[in-house]
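Labels below follow one simple rule: chain letters A, B, ... track the order of the sequence lines, proteins then strands, and each chain is numbered from 1. Values below: every heavy atom of this structure, side chains too, minus hydrogens, waters and symmetry copies.
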Protein chains: 2
Amino acid sequence: MSVVYTETPTAGVAPPVRASERAYRQLRGEILDGLLAPGAGLLEVEQSARIGVSRTPLRAAIARLISDGLVAGRPGRGFMVTEMSVDSIRELYEVRRALEEHAARIAAERRDPAVFEALRAQFVQAPGLLERGPAGLSRYYELITEFDDALDAAVMNPFLVGALAGVRTHLARIRRLGRDNPGRLRAAAAEHLLIIEAILAGDSSLAAHATHVHLHQSLTNVLAAIQGHAADPAG
Amino acid sequence: MSVVYTETPTAGVAPPVRASERAYRQLRGEILDGLLAPGAGLLEVEQSARIGVSRTPLRAAIARLISDGLVAGRPGRGFMVTEMSVDSIRELYEVRRALEEHAARIAAERRDPAVFEALRAQFVQAPGLLERGPAGLSRYYELITEFDDALDAAVMNPFLVGALAGVRTHLARIRRLGRDNPGRLRAAAAEHLLIIEAILAGDSSLAAHATHVHLHQSLTNVLAAIQGHAADPAG
DNA sequence: TGAAGTTCCTATGTATACATAGAATCGGTG
DNA sequence: CACCGATTCTATGTATACATAGGAACTTCA
């Protein structure tokens, strides 16, 4: 009972990934990258046709995006990508501070020296990365992700990690706004380095305060970037 | 501009509520009340028949429960109500502390005296409620909810409120374990009162610390109750 | 020309039929 | 008796057809 595959082998891992998962990832990525701008409408039939799945899995994908807070439903008028007001950015950073300060504190208490030693070495070289063009920049952001992952692993708390993941989802949308500021990135690297050193020293109080400072600076930079864009929309 | 309702008033809001919403609320309530015990299996066909909706809306309901963390999917073996280990309770309280301390701090900074004055008056009388049987007990828990709502309103931060809502969802499952302890409830009322007074005084530091103490005591009580139940399953 | 009523259209909500993967079971064989 | 295999069964994943509500636009009347 042999089966003949008429599809080309290049299809690869297409079958195992569910259609709803594909739709979710694609829509989520497009929203985070700004391809689907805030306020943009999402119609089931339209999007299902575009992505190449039927309405049922697409509907499941949109349901997940709604619970992520990336999409909102308007009764009778379809769905839309949620807006990110300046106020909501402030609110987001407020929660982020509460969670990340706590995470940093815990990481300092339950520290895994090996991981953070390695991270320290990487962050010491971070300023150099920023002078190596797009590739270095990309590596820099990868490093931030590794730092976040190390923090997640250190806290060993699924609830906290989950809450942080939700916050970071929205941050990914914001980050695009202020990412073209080399001076800020250099300063951010130094701030991360201080947090890492505090964790390595087991100084939970310093880790929390350094995190607070870092997030304050980050928010300040983002808000300034928004002001700049608002004053100079063409830039 | 009078409107004539041809439907019987007893029908109420039955038509406008979506089937997926009904299924979600019923399942969520049953999980929170313990009718659907941790580890219990949820089959789409079975549950959809029981609740009286088709598989599609039931599926949407389960998807929401999964994102709430109340249900987990086992590949090929259906879905099950998530377990609540002692460790996960500790982890939950850790996040709760971070969020509620922050919320209390903000509430003290942006306080709305009228609301918290009223709450204070209610909590002063709370010990009396505890001597009035089930009705008083019910009123007591209602009071806690009003306190939570007042905190939510005070922080004016949808992200923080949302994160707290997620935490409180799981707390509702835990609360059943330790709710039969009058002494603890009396102490808890006093702890709430202190938080309220700190907020009224605009003492954000005290509000945060009092919240920390309250949650520490609450967790201690819950863990003791679990130990007791484990040692005396019949009780 | 403006406003109100109606009609049509569109978009989601729901139900059901079909495809498929994984698990448990039962049988055969060493 | 144990282990390996195939088979069957079950449960989800997907597609599509139908129901319905709400909005927008058009028409008609004043």
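Using a 4.5 Å cut-off on side-chain heavy atoms (C-beta onward), Ile226(B) and Ile174(B) make no contact. Residues Val155(A) and His102(A) form no side-chain contact, since every pair of their non-hydrogen atoms from C-beta on lies 4.5 Å or further apart.
With rounding to whole Å, Leu43(A) atom CG is found 15 Å from dG23(D) atom P. Atom CD in Glu46(B) sits about 14 Å away from atom C1' in dT12(D), given to the nearest Å. Rounding to whole angstrom units, CD of residue Glu44(A) and P of dT14(D) are separated by 15 Å. One interatomic measurement links the two molecules: CD of Gln47(A) to C1' of dT10(C), which rounds to 16 Å at whole-angstrom precision. Nucleotide dA11(D) holds its C1' atom 13 Å from the CZ atom of Arg18(A), rounded to whole Å. One atom, CZ of Arg74(B), and another, C1' of dA21(C), lie 16 Å apart when rounded to the nearest Å.
Listed by first then second residue, pairs satisfying salt bridge (Lys or Arg N to Asp or Glu O under 4.0 Å) with a partner in residues 155-168 of chain B read Asp148(B)-Arg168(B), Asp152(B)-Arg168(B), not counting sequence neighbours.
Closest to the side chain of Thr56(A), from the set dT12(C), dT16(D), dT12(D), is dT16(D). Residue Arg55(B) places its side chain closer to dC18(C) than to any other of dC18(C), dA17(D), dA11(C). Distances were taken from every side-chain heavy atom of Ser54(A) (C-beta onward) to each of dT14(C), dT14(D), dT12(D); the shortest belongs to dT14(D).
Under the ring-ring contact (aromatic ring centres under 6.0 Å, His included) criterion, Tyr140(A) pairs with no residue at all, not counting sequence neighbours.
Within the 4.0 angstrom heavy-atom criterion, no nucleotide atom of any strand lies near Ile62(B). Leu42(B) comes within 4.0 angstrom of sugar-phosphate atoms only, judged by non-hydrogen atoms across all strands, and of no base.
For a distance-only test at 3.5 Å, the side chain of Ser20(B) fails to qualify as a donor-acceptor partner of the base of dT14(C).
Dashed line: the shortest gap from a side-chain N or O of Arg77(B) to OP1 or OP2 of dA24(C) is under 4.0 Å.
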